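Beneath this line is the structure, given in C-alpha cells, with notes to follow.
Here the structure is a predicted model, which means the values were calculated and not measured. Both counts, for ligands and for their atoms, begin at 1 and track the order of listing. Along the sequence shown, the residues carry numbers beginning at 1.
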Amino acid sequence: MKILVFNCGSSSIKYKLFDMADESVLASGLVERIGLEGSVWTHQPRGKDKVVTNTDIKNHSIGIQLVLEALTDTKHGVIASMKEIKAVGHRVLHGGEKFSASVLVSPPVMKAVEECIELGPLHNPANIIGINACGELMPGVPQVTVFDTGFHQTMPQYAYLYAIPYEAYEKYSVRRYGFHGTSHRYVSQRVAELLNESISNLRIITCHLGNGASVAAVKYGECIDTSMGLTPLEGLVMGTRSGDMDPAIIPFLMKKENMTAEQMDNYMNKKSGVLGVSGVSSDFRDVETAANNGNERAELALEMFAYRVRKYIGSYAAAMGGVDVIVFTAGLGENSISMREKICNGLEFLGTSIDPVKNNIRGKEQEINVDGAKVKIFVIPTNEELVIARDTKEICSNLA
Ligand code: ADP
C-alpha cells in the first residue's frame, strides 16, 4: 500500500511517499516560498538524483499538482500511475478539543477543522487548502488528518486550564492545547520499544528541541502535561519565541514602546528567544559558533535555553511522581552534543548523568546515559511523517 503524506505550511509543502509494505520512503520533497517570488522545489526520488526547480508557484493547489506529476514522471517518478496511491495523510496543526485521534476526512471533519482556524490562524488554512486540493486532484482517494494537538488531549483539566476566569475557557476555548504531539507520541512509543518495556510501565519526558521547542510528560503512555499552550508561544525559550514570561510584561512594553497587540505578538513570536537575547541568529548552529568565539550574549542565550529545559524536566518529574526516561529529539535535540550536555548537567539528583562518549553522536537512536543510571537518557530522531502514514494506513485499511 502506497501512502502520500503532506505537511502544508503557510508558504510551504513538505511531502513523502511511503511504501507501507516495508515503510520505506519512495520519494520526498519540499516546495518553499509558495505565493512569493522565487519559489524553490526540491524533489528527491529514491535511487535517483535530486531535482531542484526554481519556478514561481502561485498557490498550494499548483504546488500539489506539480508534486503529483513528478511522482509519476517518466524521468523523476517513482510510481507508474497515481492509482498506486491508496490514501493521503495530512498533518493538521490544530484540532482544538474536537480531535484526540486521527480521523478520515469527511465534510463534518472539515467543518470542525475550519472552526479551529481561530486557534491556528497561520497553519490550519494551509492544511485545509492542501486537503481540498488533494480531494480535487485525486478524487475518491481517502484522506486522513493527523493533529499536532491530538496526543495532548489526555491532559487533565487541572493541567490544561489557565487560572483566569473560567468564562474565558467556556466562551473562547482558552486553555492549553500543546503542539508537536505527533513527535512526542512517536519518540515516547519508540523509546519503550527500544527498552523492550511496555509504555504503560514508563514515565517519559520527551524534549522536542527544534526551532520551535516543547517538552511533554508522558505517564504510562498518556500525555499528562506539555509546555506549549493555547499557541506554540508558551514554554521553552525557542529560536525566535520568548516562551514563558510574566504576562504583565505585555501591557508594560506595549505602553513603553507604543506597540499594538499585533506588533507585540510579532515581538514575542519573531524577535525574541535565542535570536532576541543573542542578537546573532535564531539558528542554534550560528549561536553555538558565536558562543565558541567568545560572544557572551550568545553564550547567555544558550544557557537560558538549557536552564529552561532543565526546569521543565524537573517539574515534569514532579508531575509524574518520578521519571524513568528522558528523550531528546528534533533538530537541536538530535544534533547538538553540547546542548544535551548543558541541559543534563545538574540532573544528577534525579539519578542520571550523561556519558560524554555515548553522547558524541548526531541524528541516530542511542542511549546516552552512564551505565547503571536509574533514569535513562535517549536520543531518538523523530519521524512525524511515518506516524501520519501509519495512522492513515490503519484508518484506510478498515474502509470497505
Ligand atoms: P523546526 O522543524 O522547528 O523548524 P528543526 O527540528 O528542523 O526545527 O530544528 C532546527 C534547529 O535545529 C535549528 O535551529 C538548527 O540550528 C538546529 N540544529 C540542526 N542541526 C544542528 C547541529 N548540528 N548543531 C546544533 N543545532 C542544530
Side-chain angles (χ1 to χ4, degrees), residues 5-16 28-33 42 91-93 120 122-123 126-127 146 148-149 178-187 206-216 226-228 231-243 269-293 295 298-299 301-306 308-309 327-344 354 359-364 366 368 379-388:
V5 171
F6 279 114
N7 178 357
C8 296
S10 52
S11 66
S12 69
I13 301 172
K14 278 191 207 154
Y15 59 93
K16 264 189 191 173
S28 62
L30 170 65
V31 188
E32 290 171 284
R33 296 182 60 81
T42 315
R91 175 200 175 212
V92 175
L93 181 83
L122 294 180
H123 292 83
N127 302 151
V146 180
D148 241 33
T149 48
F179 300 87
H180 297 140
T182 316
S183 177
H184 290 293
R185 182 175 139 207
Y186 174 77
V187 297
T206 48
C207 307
H208 177 109
L209 311 178
N211 261 323
S214 65
V215 187
T226 190
S227 58
M228 282 179 166
T231 76
L233 178 59
E234 195 182 347
L236 300 180
V237 174
M238 305 180 215
T240 61
R241 296 179 211 148
S242 62
N269 273 293
K270 300 272 169 65
K271 297 186 177 166
S272 299
V274 166
L275 168 72
V277 175
S278 70
V280 173
S281 168
S282 63
D283 192 302
F284 283 84
R285 281 164 291 203
D286 301 339
V287 183
E288 285 184 359
T289 306
N292 289 339
N293 290 332
N295 183 322
E299 178 60 37
L302 296 173
E303 278 303 332
M304 287 170 69
F305 181 91
R308 184 83 53 93
V309 178
V327 184
F328 289 105
T329 193
L332 186 69
E334 291 166 25
N335 294 301
S336 179
I337 296 160
S338 59
M339 183 51 81
R340 289 194 300 255
E341 208 173 277
K342 260 195 199 355
I343 292 168
C344 293
I354 223 168
N359 184 40
N360 196 18
I361 48 117
R362 295 183 201 278
K364 64 172 196 175
Q366 182 145 312
I368 58 170
V379 175
I380 301 198
T382 195
N383 199 340
E384 291 158 282
E385 293 88 357
L386 180 60
V387 177
I388 297 172

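- Taking any N or O of Phe284, backbone or side chain, at least one lies under 3.5 Å from an N or O belonging to ligand 1.
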Residues Glu334, Arg340; criterion salt bridge (Lys or Arg N to Asp or Glu O under 4.0 Å); working and verdict
CA-CA 9 Å; Glu334 291 166 25; Arg340 289 194 300 255; over 6 Å; no
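- In this pair, Tyr15 and Phe6 present their aromatic rings tilted. The plane angle is within the 30 to 60° band.
- For ligand 1, one of its N or O atoms has an N or O atom of Gly331 under 3.5 Å away.
- The heavy atom nearest to atom 13 (C) of ligand 1, out of those in Leu209, Asn7, Thr329, Asn211, is found in Asn211.
- Close approach of ligand 1 to Gly212 (heavy-atom distance below 4.0 Å) involves ligand atoms 3 (O).
- Across Thr231 and Phe179, no two heavy atoms sit closer than the pair C-CE1, 3.4 Å.
- Checking atom 9 (O) of ligand 1 against the protein gives a heavy-atom contact under 4.0 Å.
- For atom 24 (N) of ligand 1, the closest heavy atom belonging to the protein is Arg285 CG, 3.7 Å.
- Residue-to-ligand polar distances keep Ser336 apart from ligand 1: every N/O pair is separated by 3.5 Å or more.
- Not a single donor-acceptor pair under 3.5 Å links the side chain of Asn295 to the backbone N or O of Ala291.
- Contact annotation: for Glu334 versus ligand 1, there are no heavy atoms closer than 4.0 Å.
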